[in-house]
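Both backbone and side-chain heavy atoms feed into the values below; hydrogens, waters and symmetry mates do not.
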Amino acid sequence: MRIARFSIDGNVGFGVVEGDELDVIKGHPFAEFERSGQKVPLDKVRLLPPVLPNKVVAIGRNYADHAAELGNTIPDVPVTFFKPSTSVVGPGDPVAYPSFSQEVHHEAELAVVIGRMCREVPRERVKDVILGYTCANDITARDVQQREKQWARAKGFDSSCPLGPWVETGLDLADISRGLAVQCTVNGEQRQLGRTSEMVRPVEDLIVHITEAMTLLPGDVVLTGTPAGVGPLNVGDEVAVTIEGIGTLTNKVIKRG
């Protein structure tokens, strides 16, 4: 099912998306819940980031072609970094171009949403800790990343982590391994097109690696890397990330005010 987080008339809740309607649920998706039967047209609500993560753990250089296009080699172990919770925005929210950068890039990514608290997860249990999947855009100040080496400002600035439009729970690890199409367009022009089967390290390996070091909490998000084709964004651009079987996440770039 597709679980969305939404706002209507100042109230925030979760609901199951069915066609052009949203069936409001009682409670939250990280435990057993019931559908209320109260249905709201999707066009009458504002979709929010589907989760509010305590942390976003991201993986760099997990597609060989992307590593090569930036002149990098495949690392011996996954490159991990954080994006703070304040970087998260939802579908339709603006991405504010940071004042300290002159080269901001899009990076379309599959995002894994964690469903339960977990630590030191064995590979065969990874499926049990995943709630579902959503679309992400790892917006990056490329010039700052190259200049500062440490990626905190380059990838952690406000609005640099669009997520959405909802969490798809109907996909499994086998679907990811077979290969879902990951696409990014800017103003309707295709920039990126890859498949999740092209990941250097699959989702299972990433979750095992991350949880060796830290506890993941319900609602935390793991970004799995981006395929080749990353490129610049400018103020006024509309950037869209589409992942097969999930949906499309669209955001507009604005001047930071």
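Every salt bridge (Lys or Arg N to Asp or Glu O under 4.0 Å) that Asp220 has, sequence neighbours left out, goes to Lys55.
No side-chain donor-acceptor contact under 3.5 Å links His105 and Glu107. When only modelled atom types and interatomic distance are considered, Gln192 and Thr226 share a side-chain donor-acceptor pair under 3.5 Å. At a cut-off of 3.5 Å, with distance as the only test, a side-chain donor of Thr140 or Lys155 sits close to an acceptor on the other residue. Arg191 and His106 share a donor-acceptor pair across their side chains, judged by distance under 3.5 Å alone.
Remark: the backbone N or O of Leu110 is paired with a side-chain donor or acceptor of Thr224 at under 3.5 angstrom. For Arg46 (side chain) and Phe6 (main-chain N/O), no donor-acceptor pair under 3.5 Å exists by modelled atom type. With hydrogens and angles ignored, the 3.5 Å screen pairs a side-chain donor or acceptor of Glu109 with a backbone N or O of Gly225. A donor-acceptor pair under 3.5 Å links the side-chain atoms of Thr134 to the main chain of Trp166, judged by distance alone. Between the Thr211 side chain and the Val121 main chain, a donor and an acceptor come within less than 3.5 Å of each other. Judged purely by atom type and a 3.5 angstrom limit, Asp237 has no side-chain atom pairing as donor or acceptor with the backbone of Val253. Remark: side-chain polar atoms of Ser160 are paired, donor with acceptor, to backbone N or O of Phe157 under 3.5 angstrom. Put simply, the side chain of Asn62 never gets that close to the backbone of Met199: no donor and acceptor are under 3.5 Å apart.
For the pair Pro78/Arg201, a side-chain contact is recorded, criterion being any heavy-atom separation below 4.5 Å from C-beta on. For the pair Pro41 and Asp20, the minimum side-chain heavy-atom distance is 4.5 Å or more. Tyr133 has its side chain out of reach of Leu180: every pair of non-hydrogen atoms, C-beta onward, lies at least 4.5 Å apart. Within the 4.5 Å cutoff, side-chain heavy atoms of Phe82 are placed close to those of Met214. A 4.5 Å side-chain heavy-atom check between Thr196 and Val182 finds at least one atom pair inside the cut-off. The shortest distance between side-chain heavy atoms of Val230 and Glu69 falls below 4.5 Å. Between Thr242 and Leu249 there is no side-chain heavy-atom pair separated by less than 4.5 Å. Looking at heavy atoms from C-beta onward, Ile114 lies out of side-chain contact with Leu217 at the 4.5 angstrom threshold.
Heavy atoms from other residues, nucleotides or ligands lying under 6.0 Å from CE of Met117 number 12 at most. Annotation for Arg119: atom CZ does not count as buried by contact number, only 12 or fewer foreign heavy atoms lying within 6.0 Å. Heavy-atom contacts from other residues, nucleotides or ligands closer than 6.0 Å to NZ of Lys127 number more than 12.
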Cys161/Leu163 under side-chain contact (heavy atoms from CB on, under 4.5 Å): CA gap, chis, key distance, verdict | CA-CA 6 Å; Cys161 189; Leu163 296 174; 4.1 Å; yes

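With salt bridges taken as basic N to acidic carboxylate O contacts below 4.0 Å, none links Glu18 and Arg2.
Note that CG of Leu233 and CD of Glu103 are 10.5 Å apart. Values are rounded to the nearest 0.5 Å. Atom CG of Asp138 sits about 6.0 Å away from atom CG of Leu223, to the nearest 0.5 Å. A distance of 7.5 Å separates CG of Leu193 from CZ of Arg195, quoted to the nearest 0.5 Å.
Remark: Arg153 qualifies as a cation-pi partner of Phe100 under the 6.0 Å distance and 45° angle criteria applied to the six-membered ring.
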